[in-house]
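Structure record follows, encoded as structure tokens.
Letters A, B, ... are given to chains in the order of the sequence lines, protein chains preceding strands, and every chain is numbered from 1.
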There are 2 protein chains.
Amino acid sequence: MARAATTSDAFNAVAEPRRREILNYLALQERPVGEIVDSLRVAQPSVSKHLRVLLEVGLVNVRRDGRRMLYRTNAEAIRPLHEWTETFERYWRHQLNRVKERAERKSNPSNDAGPDFSSRRKNDLDGNKN
Amino acid sequence: MARAATTSDAFNAVAEPRRREILNYLALQERPVGEIVDSLRVAQPSVSKHLRVLLEVGLVNVRRDGRRMLYRTNAEAIRPLHEWTETFERYWRHQLNRVKERAERKSNPSNDAGPDFSSRRKNDLDGNKN
DNA sequence: ACAATATATTCCTATATGGGAATGTGTCAA
DNA sequence: TTGACACATTCCCATATAGGAATATATTGT
């Protein structure tokens, strides 16, 4: 199986950075495609395609105004993401506390041991990725 | 250009539903891979691969315990997503107000016009997709 | 040293992507 | 009707997936 379609849900649609920019831009006011093109410096067909994806997952609305199409962010569709991330809020608060505690104990001089590999994080295995 | 790598940032990593499940599961406690396999009913190699992605973007931590690897969600890495979605909170509040107003006006009987296509949303153009 | 356990990696393939270029479609104005 | 303008769609392609199957690696107990 390949990766899920970008149009399968808001999570996938929003994974693309340009689409996030567009959503930011269209949050305040509705705007015609041409203004998005000019403001974000992206080719027009590219913008149209991104808007199509956003429209399919309900992240934007459109209405026609003469020959222009006015798009606007539908903030409501972002709520599910907000709510999912929110369930982790209490955890990072805890972690912050733990970090603080460790920092406080740090004033206590006792360990000068080597580096700690007990909890690897990203760049340990980055190896290659340029 | 193809889609950005799943390992390019938290947004992309989290787009995959199974990876979100894993993050939920590992938020409370650290767990060995085997338990994830059993609990979420996913093939072991699949779980390992998802964990690799999550590790590369810093969404989980690991530490070894004998022959087991204990993974745990690093909630802190989810904050950027939370913060991005948060910038839209005020907008959906506004929209909710507008919806409420409309609902209140609804008690006023006056319009029986046809359907409104002025603001298309998803399923209007869904056409085919299965 | 060896078998058993736990996890990671590799190989395979169908599928969807995003950008660029070219072209299609719809709307207005004269 | 025709031309100009504003968008949308199509075609092409290099690239990266997620899952399944098979295999590799690491650690422990005997």
Go through residues 26-33 of chain B and report each residue with a non-hydrogen atom lying under 4.0 Å from DNA chain C, sorted by number.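 Contacting residues: Pro32(B), Val33(B).
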Could you tell me whether the side chain of Thr73(A) and the main chain of Leu23(A) form a donor-acceptor pair under 3.5 Å? yes
How would you give the extent of chain B contacts on DNA chain D, as first and last nucleotide 5' to 3' within a 4.0 Å heavy-atom cut-off? dT15(D) to dT28(D)
Is the closest side-chain heavy-atom distance between [X] and [Y] below 4.5 Å?
X: Val57(B); Y: Phe11(B); value: no
X: Tyr71(A); Y: Arg31(A); value: no
X: Asn24(B); Y: Trp84(A); value: yes

List, one per line, each side-chain donor-acceptor pair under 3.5 Å for residues 40-51 of chain B, sequence neighbours excluded.
unit_1: Gln44(B); atom_1: NE2; unit_2: Ser48(B); atom_2: OG; d: 3.1
unit_1: His50(B); atom_1: ND1; unit_2: Arg19(B); atom_2: NH1; d: 3.1

When we call it a touch if two heavy atoms are under 4.0 Å apart, what does Thr6(B) touch: a base, just sugar-phosphate, or nothing? sugar-phosphate
Heavy-atom contacts, protein to nucleotides 19-30 of chain C, under 4.0 Å, summarised as B (base), S (sugar-phosphate only) or - (none) per nt, yield BB-B---SBB--
Results of side-chain hydrogen bond (donor to acceptor under 3.5 Å, both in side chains) for [X] - residues two or more places apart only:
X: Glu89(B); answer: Arg93(B)
X: Glu30(B); answer: Arg63(B)
X: Arg3(B); answer: none
X: Ser39(A); answer: Tyr25(A)

Based on the rotation axes of five pairs at each end, what angle does the helix from dA1(C)-dT30(D) to dA30(C)-dT1(D) bend through, to 10°? 20°
Of all residues at least two apart in sequence or in a different chain, which pass the salt bridge (Lys or Arg N to Asp or Glu O under 4.0 Å) check with Glu21(A)?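 Listed in chain order: nothing, the list is empty.
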Carboxylate-amine/guanidinium contact Glu16(B) Arg20(B), below 4.0 Å: no
Test of understanding: with side chain to side chain contact (heavy atoms under 4.5 Å, CB included), list the residues that count as partners of Ala75(B), not counting sequence neighbours.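 Result, side chain to side chain contact (heavy atoms under 4.5 Å, CB included) vs Ala75(B): Phe88(A), Tyr91(A), Trp92(A), Gln95(A).
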Between Leu70(A) and Arg3(A), who's closer to the 5' end of DNA chain D by nearest nucleotide?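 On the 5' side of the pair lies Leu70(A).
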Any salt bridge (charged side-chain N to carboxylate O under 4.0 Å, His left out) pairs touching residues 65-74 of chain B, not counting sequence neighbours? Asp65(B)-Arg68(B)
